[in-house]
Amino acid sequence: MSNLIEGFKSQYARSQEVEMSLQEYLDLCKQDPMAFASSAERMLAAIGEPEVVDTRNDPRLSRLFSNRLIRRYPAFREFYGMEDAISQIVAFFKHAAQGLEERKQILYLLGPVGGGKSSIAERLKALMETYPIYALKGSPVNESPLGLFNPEQFGATLEAEYGIARRYLSGIMSPWAVKRLREFDGDISQFRVVRLMPSVLKQVAIAKTEPGDENNQDISSLVGKVDIRKLDRYAQDDPDAYSYSGGLCLANQGLLEFVEMFKAPIKMLHPLLTATQEGNFKGTEGFSAIPFSGSILAHSNESEWQSFRNNKHNEAFLDRIYVVKVPYCLQVSEEVKIYEKLLRGSSLAEAPCAPSTLEMMAQFSVLTRMKEPENSSIYSKMRVYDGESLKDVDPKAKALQEYKDYAGTDEGMNGVSTRFAFKVLSSVFNYDQTEVAANPVHLMYVLEQRIAREDYPDDTRRQYLEYIKGYLAPRYAEFIGKEIQTAYLESYTEYGQNIFDRYVTYADCWIQDEEFRDPETGESFDRASLNAELEKIEKPAGIVNPKDFRNEIVNFVLRARASSGGDNPKWTSYEKLREVIEKKMFSNTEELLPVISFNAKASADDRSKHESFVERMVEKGYTEKQVRLLCEWYLRVRKSS
């Protein structure tokens with residue numbers, strides 16, 4: 001406990017103000033450019049250097065990013081499937097830090113509900129807390145000491161002696177600083193400088209503004225207003241009578257988050273125009289402008305954006321907005337990581353979750369967010385979007401870019417939200433009265449119930465149910481069938497290797513147009529016989545181009561033999577052939593029924609096999625109760641098909 005308390009004290013001490021003279025501050029600027037860095041520069045430094053990934057070295061990433069070099073930022077490590085949005089946000093701060101047009105613009109996150117806009121905003125605010133700011137002591141707007149210096153008069157001197165470029169000089173003092181300077185009789189050495197740590201909790205250089213009632217909300221929530229409690233001591237236009245409580249005042253040199261910005265009346269947004277373009281804004285009283293050198297982050301949903309954009313009166317404002325679209329995740333594997341992150345933050349983190357549960361929820365979510373493709377299956381499109389290669393699986397599947405070109409730029413802006421998905425998963429984990437656990441069968445049932453209760457249009461409801469019954473249920477039946485069969489088959493590995501070795505031998509002889517004689521039986525196979533034997537394995541697996549498939553497999557095995565002393569690789573080492581062999585192995589499953597059924601067993605041998613089967617299923621990640629449920633569901637599906 002003592003270590004915890006000492007650690008807290010140490011952290012608190014580091015966050016306290018550090019006071020210095022103006023001259024000491026200028027000397028610090030000469031040594032450390034971060035002492036006068038803009039909010040965008042500090043944000044960029046907090047984000048840090050990216051990890052550069054060469055996608056040519058990963059088949060999945062190669063397909064997703066066309067062999068490009070991509071940058072992944074550790075600061076956004078858990079923002080799964082948001083590579084494009086994150087790269088645009090980083091680009092905004094990079095350009096703003098360079099003094100380009102972005103420094104005068106509002107960063108606006110546009111996306112559907114539950115798409116991650118607020119999470120990005122929270123992360124950006126947390127990053128803004130990384131580096132300190134330097135402000136005039138007592139300034140109610142955390143103004144930079146450099147605001148004291150006119151760029152025309154002192155710009156050259158500051159750059160030559162202290163390395164402070166002219167663009168860091170706004171030349172605008174706050175009304176408070178103007179009054180203090182008058183009191184000091186022009187002696188700026190009497191100003192003291194403090195180092196402050198930006199803080200969300202203390203609202204130091206980080207603030208949040210939300211739209212209120214349209215009828216009574218005014219600009220004071222952004223620019224502040226007069227403090228009527230001080231009017232007995234000061235005149236109404238005295239800077240010391242003013243309450244600098246507005247978002248722009250609090251967020252100077254930092255970050256202002258404007259939630260649901262376009263729900264606010266347009267009159268309230270006017271101060272943002274001058275704050276971004278001119279670096280200052282007017283208060284509600286008759287004194288000089290107040291400086292602002294922070295960044296503004298706004299976000300809202302697409303409906304508000306569309307209505308605002310379509311209003312011709314808003315053109316001046318639209319020109320000052322840097323739009324970053326934050327669509328829903330369209331990659332199943334990344335969507336699964338989002339669910340895993342959400343579960344880790346709950347008491348369900350340790351609850352049993354049967355294999356494929358999260359994958360099924362992710363598949364459903366992604367299917368609802370996609371635009372239906374032309375002359376292709378939406379399920380295949382979903383797999384292509386996740387980086388799979390369907391060359392040998394679906395001849396109608398298109399290339400990733402072809403799907404994206406047809407879908408347009410708004411794909412991912414509709415469909416079910418991550419919040420919806422997590423609420424469904426929560427219900428699934430708590431569906432059983434005696435066991436807190438999740439499995440795909442309960443998931444499909446809960447999804448159907450939830451879809452029936454939601455206020456969806458009839459077409460949407462039918463489409464969502466079709467995704468479950470037409471895509472998810474049949475493929476899960478195939479998956480759980482394979483799980484059951486592999487758990488049933490005790491000599492699974494040996495059996496698969498035998499089929500693999502025989503297939504490779506037959507295919508090699510067929511390619512070379514050689515006759516094959518079985519050394520054990522003496523049976524001879526000519527090219528036609530070899531073709532017939534190979535087709536017994538290929539046809540159940542739906543191989544559409546057997547000639548190419550055979551050549552590909554044999555070439556793979558020959559390369560593997562060369563690097564392993566002449567031995568064949570394991571039958572599971574090549575994904576395409578592994579799937580083919582499994583379909584061959586499990587084409588006849590009548591013998592499974594006595595073992596996987598939970599009915600009373602006719603013999604001790606069947607009972608022993610059943611217990612061993614259940615043990616192997618539990619090792620795969622299922623609870624005993626789930627094994628029974630899933631086996632019964634699988635048998636019902638097989639019987640009805």
- Query: Taking only residues at least two apart or on different chains, which pairs with a member in residues 380-390 satisfy side-chain hydrogen bond (donor to acceptor under 3.5 Å, both in side chains)?
  - Reply: R60-D386, S333-D386, S380-D394, K381-E411, R383-E388, Y385-E411
- Determine, step by step, whether M370 and M382 satisfy the side-chain contact (heavy atoms from CB on, under 4.5 Å) criterion, reporting the C-alpha distance in whole Å, the side-chain angles of both residues, the deciding distance to 0.1 Å, and the verdict. CA-CA 8 Å; M370 290 179 138; M382 176 194 73; 3.9 Å; yes
- Taking everything shown except R461 itself, do over 12 heavy atoms lie less than 6.0 Å from its CZ? yes
- Item | Residues, nucleotides or ligands: over 12 heavy atoms within 6.0 Å of R344 CZ | yes
- Side chains of V416 and Y456: does their closest heavy-atom pair fall under 4.5 Å? yes
- Task: Evaluate the side-chain proximity of Y464 to L447: yes if any heavy-atom separation is below 4.5 Å, no if none is.
- Result: no
- Query: So do L297 and L256 actually touch side chain to side chain, heavy atoms under 4.5 Å?
  - Reply: no
- Query: What's the spacing between F429 CZ and L443 CG if we round to 0.5 Å?
  - Reply: 10.0 Å
- Query: Hey, is the main chain of N430 close enough, under 3.5 Å, to the side chain of E435 for a donor-acceptor pair?
  - Reply: no
- Task: Run the numbers on Q105 and T276 for side chain to side chain donor-acceptor pair (under 3.5 Å), then give the verdict.
- Result: CA-CA 6 Å; Q105 294 196 311; T276 52; over 6 Å; no
- Query: Is it true that E51 and R77 have a side-chain N and a carboxylate O under 4.0 angstrom from each other?
  - Reply: yes
- Task: Mind running side-chain contact (heavy atoms from CB on, under 4.5 Å) on L358 and C353 for me, showing each step along the way?
- Result: CA-CA 8 Å; L358 301 184; C353 183; 4.0 Å; yes
- Item | Separation between CD1 of I86 and CZ of R72, rounded to the nearest 0.5 Å | 12.0 Å
- State yes or no: are the ring centers of F422 and Y339 separated by less than 6.0 Å? no
- Item | Salt bridge present between E483 and R616 (N-O < 4.0 angstrom) | no
- Query: Quick one: does Q331's side chain get under 4.5 Å of E83's, heavy atoms only?
  - Reply: yes
- Should the heavy atoms of other residues, nucleotides or ligands under 6.0 Å from NZ of K620 be counted, would the total exceed 12? yes
- Query: Between R628 and E632, is there a salt bridge with N-O shorter than 4.0 Å?
  - Reply: yes
- Message: Tell me the closest heavy-atom pair linking E359 and S356, and the distance in Å.
- Response: OE1-CA, 3.1 Å
- Message: Assess, by modelled atom type and distance only, whether the side chains of S300 and Y108 contain a donor and an acceptor separated by less than 3.5 Å.
- Response: yes
- Cationic tip of K341 within the cone over F79's six-membered ring, i.e. under 6.0 Å and within 45° of the normal? yes
- Message: So F76 and R123, do their side chains get closer than 4.5 Å, heavy atoms only?
- Response: yes
- Query: Quick one: are L110 and E302 in side-chain contact, heavy atoms under 4.5 Å?
  - Reply: yes
- Task: Evaluate the ring planes of H610 and F613, with Trp represented by its six-membered ring, and classify them as parallel (under 30°), tilted (30 to 60°) or perpendicular (over 60°).
- Result: tilted
- Message: With no hydrogens and no angle check, just 3.5 Å: does a side-chain donor-acceptor pair link N301 and S303?
- Response: no
- Closest non-hydrogen contact found for K125 with I206 is O-CD1, 3.4 Å
- Message: Could you check whether K337 pairs with E340 (Lys NZ or Arg NE/NH1/NH2 to Asp/Glu carboxylate O, under 4.0 Å)?
- Response: no
- Beyond-backbone contact of I451 with E454, side-chain heavy atoms, under 4.5 angstrom: no
- Query: Quick one: do the N67 and S62 side chains pair a donor with an acceptor below 3.5 Å?
  - Reply: yes
- Step through the shown structure and confirm whether more than 12 heavy atoms of other residues, nucleotides or ligands are within 6.0 Å of NZ on K371. yes
- Query: In terms of heavy-atom contacts, does CD of E49 have more than 12 from other residues, nucleotides or ligands at under 6.0 Å?
  - Reply: no
- Step-by-step side-chain contact (heavy atoms from CB on, under 4.5 Å) determination, D54 to R68: CA-CA 7 Å; D54 188 346; R68 299 195 313 269; over 6 Å; no
- Kindly indicate, with the supporting measurements, whether the criterion side-chain contact (heavy atoms from CB on, under 4.5 Å) is fulfilled by R462 and D459. CA-CA 5 Å; R462 279 195 297 270; D459 288 348; 2.5 Å; yes
- Is the distance between the ring centroids of W633 and Y476 under 6.0 Å? yes
- Would you check if the distance from the ring center of Y379 to the ring center of Y467 is below 6.0 Å? no
- Answer yes or no: is there a donor N or O on one side and an acceptor on the other, between the side chain of Y403 and the main chain of V384, under 3.5 Å? no
Would you list the atom pairs, donor with acceptor, under 3.5 Å between side chains in residues 318-326 and any protein atom, with sequence neighbours excluded?
unit_1 : atom_1 : unit_2 : atom_2 : d
R320   : NH1    : A316   : O      : 2.6
Y322   : OH     : Q88    : O      : 3.3
K325   : NZ     : D410   : OD1    : 2.6

- Should R369 and E335 count as an ion pair when the cut-off is N to O under 4.0 Å? yes
- Task: Verify the distance criterion only: is there a donor paired with an acceptor across the side chains of T209 and S221 at less than 3.5 Å?
- Result: no
- Query: Within a reach of under 6.0 Å around NZ of K423, are more than 12 heavy atoms found that belong to other residues, nucleotides or ligands?
  - Reply: no
- Task: Determine whether L64 and T55 make a side-chain contact, defined as any pair of heavy atoms from C-beta on separated by less than 4.5 Å.
- Result: no
- Message: Check whether K117 reaches the backbone of P112 with its side chain - one donor and one acceptor, N or O, closer than 3.5 Å.
- Response: yes
